[in-house]
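First the structure, in the form of structure tokens, and then the observations on it.
The model shown is predicted, which means the values in this text are computed figures rather than measured ones.
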Amino acid sequence: AQSVAQPEDQVNVAEGNPLTVKCTYSVSGNPYLFWYVQYPNRGLQFLLKYITGDNLVKGSYGFEAEFNKSQTSFHLKKPSALVSDSALYFCAAYSGAGSYQLTFGKGTKLSVIP
Amino acid sequence: DAGVIQSPRHEVTEMGQEVTLRCKPISGHDYLFWYRQTMMRGLELLIYFNNNVPIDDSGMPEDRFSAKMPNASFSTLKIQPSEPRDSAVYFCASSPLRLSSSYNEQFFGPGTRLTVL
């Protein structure tokens with residue numbers, strides 16, 4: 001069975017510092033990986049995805065993610081955090097085995113401290 | 001495009017009552033998904049449709065839950081009878097047709113916060 005793990009429930013970072021939100025995955029086929037952000041009382045918003053190709057994926061709001069096949073990781077990064085980046089971040093994966101089920105991690109709460 | 005539309009945004013009901021949640025997907029999207037979000041269990045996929053046909057309902061917790069998609073622009077999730085443990089935020093999402101060797105992102109609605117007393 002496929003799974004997505006986000007090992008940190010919460011990440012705190014000072015404004016202006018780089019941030020990293022970690023994600024590891026376990027899928028049976030080729031991984032198709034996504035990051036979503038959820039602001040309070042809102043639905044999830046798509047940030048970026050990895051399908052194939054370059055291991056560094058660029059997305060919305062200055063976020064990027066690095067795909068590492070050997071470590072089965074897809075960490076979300078941003079060079080300089082903003083207070084407005086404070087939100088709940090979800091990593092998700094399709095297994096690529098014909099199923100359209102998107103498996104989500106439990107989420108990581110990011111707090112950017114002014 | 002207005003995005004995925006869900007109604008109501010908030011629903012408070014009493015145990016035993018029937019609850020109907022509604023969703024309008026983005027026009028032209030072929031897939032529709034219903035999720036439930038709770039603190040304890042995170043985001044769970046309940047059911048998804050392709051071209052109005054239910055494909056996988058293995059996530060539906062029990063027979064009290066049912067979902068329909070009578071046409072491409074409307075879906076409902078019904079709980080009858082409702083129980084306090086059904087309290088959660090229910091999200092609807094839609095996605096365009098999957099291209100070969102690719103998967104498209106899902107677009108989420110704002111959710112319905114259900115409280116069953």
Side-chain angles (χ1 to χ4, degrees), chain A residues 1-10 23 25 27-53 57-60 63 65 67 74 87-109, chain B residues 2-7 9-10 21 23-26 29-51 53-60 88-113:
Chain A
Q2 63 191 56
S3 64
V4 175
Q6 294 181 242
E8 300 157 318
D9 291 336
Q10 177 142 1
C23 171
Y25 64 89
V27 299
S28 56
N30 291 324
Y32 299 86
L33 303 165
F34 298 77
W35 275 102
Y36 285 83
V37 60
Q38 184 180 27
Y39 298 99
N41 300 314
R42 302 283 294 275
L44 278 70
Q45 296 179 33
F46 168 76
L47 278 179
L48 51 80
K49 67 182 177 183
Y50 172 83
I51 302 297
T52 186
V57 179
K58 294 189 182 297
S60 307
F63 284 93
F67 171 70
F74 188 56
L88 191 56
Y89 290 81
F90 290 93
C91 183
Y94 289 116
S95 70
S99 169
Y100 222 99
Q101 286 205 31
L102 189 59
T103 299
F104 284 86
K106 289 195 173 295
T108 298
K109 182 178 180 181
Chain B
V4 175
I5 299 172
Q6 291 187 248
S7 65
R9 293 293 309 275
H10 302 274
L21 311 182
C23 175
K24 177 180 169 53
I26 293 173
H29 282 190
D30 297 282
Y31 290 88
L32 184 138
F33 306 82
W34 281 101
Y35 291 90
R36 179 171 67 176
Q37 185 179 38
T38 60
M39 290 292 291
M40 291 296 293
R41 301 173 68 91
L43 266 166
E44 303 173 278
L45 176 66
L46 301 177
I47 185 172
Y48 77 91
F49 296 81
N50 179 20
N51 290 327
V53 176
I55 302 301
D56 188 340
D57 65 354
S58 60
M60 297 286 261
V89 181
Y90 291 80
F91 289 104
C92 176
S94 69
S95 182
L97 177 67
R98 179 174 84 89
L99 303 175
S100 61
S101 302
S102 181
Y103 280 87
N104 291 307
E105 58 269 28
Q106 296 179 16
F107 295 80
F108 282 74
T112 295
R113 183 174 295 275

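Residues Tyr36(A) and Gln106(B) form a side-chain contact, since some pair of their non-hydrogen atoms from C-beta on lies under 4.5 Å apart.
Once rounded to the nearest 0.5 Å, the distance linking CG of Leu102(A) with OH of Tyr35(B) reads 4.5 Å. Put simply, CG on Leu44(A) and CD on Glu105(B) are 13.0 Å apart, with the number rounded to the nearest 0.5 Å. Rounding to the nearest 0.5 angstrom, the gap separating the CZ atom in Phe33(B) from the CD atom in Gln101(A) is 9.0 Å. The line from CD of Gln37(B) to CZ of Phe104(A) is 9.5 Å long, rounded to the nearest 0.5 Å.
For chain A, the nearby part of Arg113(B) is the side chain; its heavy atoms alone come within less than 4.5 Å. Interface residue Met40(B): only backbone heavy atoms are found under 4.5 Å from chain A. Contacts between Gln38(A) and chain B at a heavy-atom distance below 4.5 Å involve the side chain alone, from C-beta outward. At a 4.5 Å heavy-atom cutoff, Phe107(B) makes no contact with chain A through either its backbone or its side chain. Using a 4.5 Å cut-off between heavy atoms, Thr112(B) makes no contact with chain A at all.
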